[in-house]
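Every chain is numbered from 1, with letters handed out A, B, ... down the list of sequences. Side-chain atoms are counted along with the backbone in the values below, which use heavy atoms only and exclude waters and symmetry mates.
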Number of protein chains: 2
Amino acid sequence: METADTIGAAPRPGLRERKKQRTRDALLRAALELFTTQGYEQTTVDEIADAVDVSQRTFFRYFAGKEDVALFVQRLAESHFLAAVRERPPHEAPLEALRRAVLESWDTIGEAIEAVIPIELHMRTFQLIESTPALLAAHLRRSAEMEEEIAGVIAEREGLDVDADPRPRVAVAVFGGVMRVTGRLWGAGEDTSVEAIRALTASYLDHVGPALAEKWRT
Amino acid sequence: METADTIGAAPRPGLRERKKQRTRDALLRAALELFTTQGYEQTTVDEIADAVDVSQRTFFRYFAGKEDVALFVQRLAESHFLAAVRERPPHEAPLEALRRAVLESWDTIGEAIEAVIPIELHMRTFQLIESTPALLAAHLRRSAEMEEEIAGVIAEREGLDVDADPRPRVAVAVFGGVMRVTGRLWGAGEDTSVEAIRALTASYLDHVGPALAEKWRT
DNA sequence: AGGCTAGTGACAGTCGCTGACAGTTGACAA
DNA sequence: TTGTCAACTGTCAGCGACTGTCACTAGCCT
């Protein structure tokens, strides 16, 4: 099944594989570039394919559709976050684990992204998603799916049954809600640095307690 | 501009208007019936139009698309909930107002729905939305938009600036997150009665506090 | 009764997406 | 090196969602 160098650190992917990777990257970049400059709906799949000089059919062999390309990097980031959650030490309280996972994972996420596309392009894409109904919808659905997954992780950490105890899902729902708000505000604001989103997230998470309080008047 | 009976309680819509209403209702029912029996993706717009004996073009004059029909009743419910929130007395704490608004509005929502389609059909539609990716995505986006609106209402109640104080958005995000979880579980469960969703909602809202606690172990 | 206009159907066209088939090119063994 | 196999690709054909156009029908109003 596998060649001898499977164990080695640099398996040298082979020409075929490298070519595939190049086409995939080229399609991704071309798509995001076109989306962010002329708009998502205004960009046709043919345009993207033409820009990379492949047939439309080939585009669909690499990506499930327009949506899929647009959210590709987002999914990358999400999987990093999910991994970060799984690696939190078990003694941390659920919300604390989630909080630290986000705050810490942003750096690794940034690196992972830059290995594929320029970070600046990703920023523009992020704002595009927020402002394009079709993309926002798809993104929210993905988020919902991931929340379900995370709820499972949390439940396991605490040795609970997700379907019996409401707390895992509730905690994750609360957390997810706050994350969406911060993401939205970050995209709308001026400062698109990693520091900015980190500070914003921390601040908003700190406001969950006060927001649930009976009296808002100081 | 308006005829004399504008002031009257029963303006008698006129034949034209009544005909339109009938077509709209017929399209809505036919669509939901087809969606829930053979599936959303498996149902074409032509089928729906044929079932009501109008042209495809006419369908698109009444609804923006397939998604729009499927979520029509949901939007009806949402607007009722929003109205209920606006009518809560100002002395209630934000989360308390939201809580009471949901719990109380379900009855009025039920009535409003039944004026358009049989309630049983709506239940099936609800489950369809939860289990159809494309519809779930659209629904989540709508919810997000409404959360933004509600955040504005809450901010106004408390005399705050939504963009300056994080609490309105955070509170609504938390609430919305819990609502989604309960909705999901309700659709997945057996008991589709109004009582069931009411009890489930109350229970899950009560678990927000415990879910945020440091220690989950009793 | 007759003109006005909202609502409709028929038609054509765009775009996202998929299946089928044939041609090309890297991978791997004889 | 060469030949075989499998992976990738392009071309073509087609479906379904959706939109613009235009002529026509049918309520409405005077």
Side-chain angles (χ1 to χ4, degrees), chain A residues 1-6 11-28 30-32 34-35 38-72 132-135 137-138, chain B residues 1-6 11-28 30-32 34-35 38-72 132-135 137-138:
Chain A
M1 290 299 191
E2 294 288 332
T3 50
D5 58 0
T6 300
R12 191 65 190 297
L15 175 56
R16 202 172 210 150
E17 207 59 35
R18 274 179 286 151
K19 215 169 176 179
K20 251 170 61 178
Q21 192 61 42
R22 241 188 300 133
T23 310
R24 183 182 213 81
D25 277 22
L27 280 171
L28 178 62
L32 296 187
L34 286 168
F35 288 162
Q38 35 177 273
Y40 177 73
E41 263 109 16
Q42 285 66 45
T43 304
T44 69
V45 175
D46 285 315
E47 278 182 287
I48 303 170
D50 286 351
V52 186
D53 220 66
V54 296
S55 71
Q56 190 211 50
R57 198 68 187 81
T58 294
F59 171 89
F60 284 109
R61 288 196 178 95
Y62 282 95
F63 299 97
K66 274 173 75 175
E67 257 183 34
D68 193 42
V69 216
L71 299 178
F72 188 83
T132 306
L135 291 180
Chain B
M1 291 299 191
E2 295 288 329
T3 49
D5 56 1
T6 301
R12 192 62 191 298
L15 175 57
R16 204 176 211 146
E17 206 59 33
R18 273 178 287 150
K19 216 170 178 179
K20 250 170 63 178
Q21 192 62 41
R22 241 188 300 134
T23 311
R24 182 180 214 81
D25 277 21
L27 280 171
L28 178 62
L32 295 187
L34 286 169
F35 288 163
Q38 34 176 277
Y40 177 73
E41 264 108 18
Q42 284 67 45
T43 305
T44 68
V45 174
D46 286 314
E47 281 180 285
I48 303 169
D50 286 351
V52 186
D53 219 68
V54 296
S55 70
Q56 191 211 49
R57 198 68 187 82
T58 293
F59 171 90
F60 284 110
R61 287 196 179 97
Y62 281 96
F63 299 98
K66 275 174 74 175
E67 257 183 33
D68 194 41
V69 214
L71 299 178
F72 188 83
T132 305
L135 292 180

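In this structure, B:Glu41 atom CD and D:dC15 atom P are separated by 19 Å, rounded to whole Å. One interatomic measurement links the two molecules: CD of A:Glu17 to P of C:dT25, which rounds to 19 Å at whole-angstrom precision. Distance B:Asp46 CG to C:dG9 C1': 13 Å, rounded to the nearest Å. The distance between atom CG of A:Asp50 and atom P of C:dG16, rounded to the nearest whole Å, is 12 Å. Summarising the geometry, the separation between CG on B:Leu135 and P on D:dA17 is reported as 13 Å, rounded to the nearest angstrom. At whole-Å resolution of the value, CD in A:Glu67 and P in D:dA17 are 16 Å apart. Here C:dT25 presents its P atom at 17 Å from CZ of A:Arg18, a figure rounded to the nearest Å. Whole-Å rounding puts the B:Arg16 CZ to D:dG27 C1' distance at 5 Å.
Closest approach of B:Glu47 and B:Gln42 over heavy atoms only: OE1-O, 3.5 Å. A:Ala70 and A:Leu32 get closest at one heavy-atom pair: CA-CD2, 4.0 Å. Shortest non-hydrogen contact noted between A:Ala138 and A:Glu67 is CB-OE1, 3.4 Å.
Contacts between residues 54-66 of chain B and DNA chain C, defined by a heavy-atom separation below 4.0 Å, involve B:Val54, B:Ser55, B:Arg57, B:Thr58, B:Arg61, B:Tyr62, listed by number.
Sequence order on DNA chain C of the closest nucleotides to A:Thr44 and B:Asp53 puts B:Asp53 first from the 5' end.
Under a 3.5 Å cut-off, the side chain of B:Tyr40 and the backbone N or O of B:Pro133 do not form any donor-acceptor pair. Side-chain N or O atoms of B:Glu17 include none that pairs as donor or acceptor with a backbone N or O of B:Gly14 at under 3.5 Å.
Taking CZ of B:Phe35 as the reference point, atom CD1 of B:Ile48 lies at 4.0 Å (rounded to 0.5 Å).
Taking the side chain as every heavy atom from C-beta outward, B:Phe60 and B:Val45 approach each other to under 4.5 Å.
Close to C:dG26, at under 4.0 Å from its OP1 or OP2, lies a side-chain N or O of A:Lys19. For the OP1/OP2 pair of C:dG7 and a distance below 4.0 Å, the side-chain nitrogens and oxygens of B:Lys20 include at least one atom meeting the criterion.
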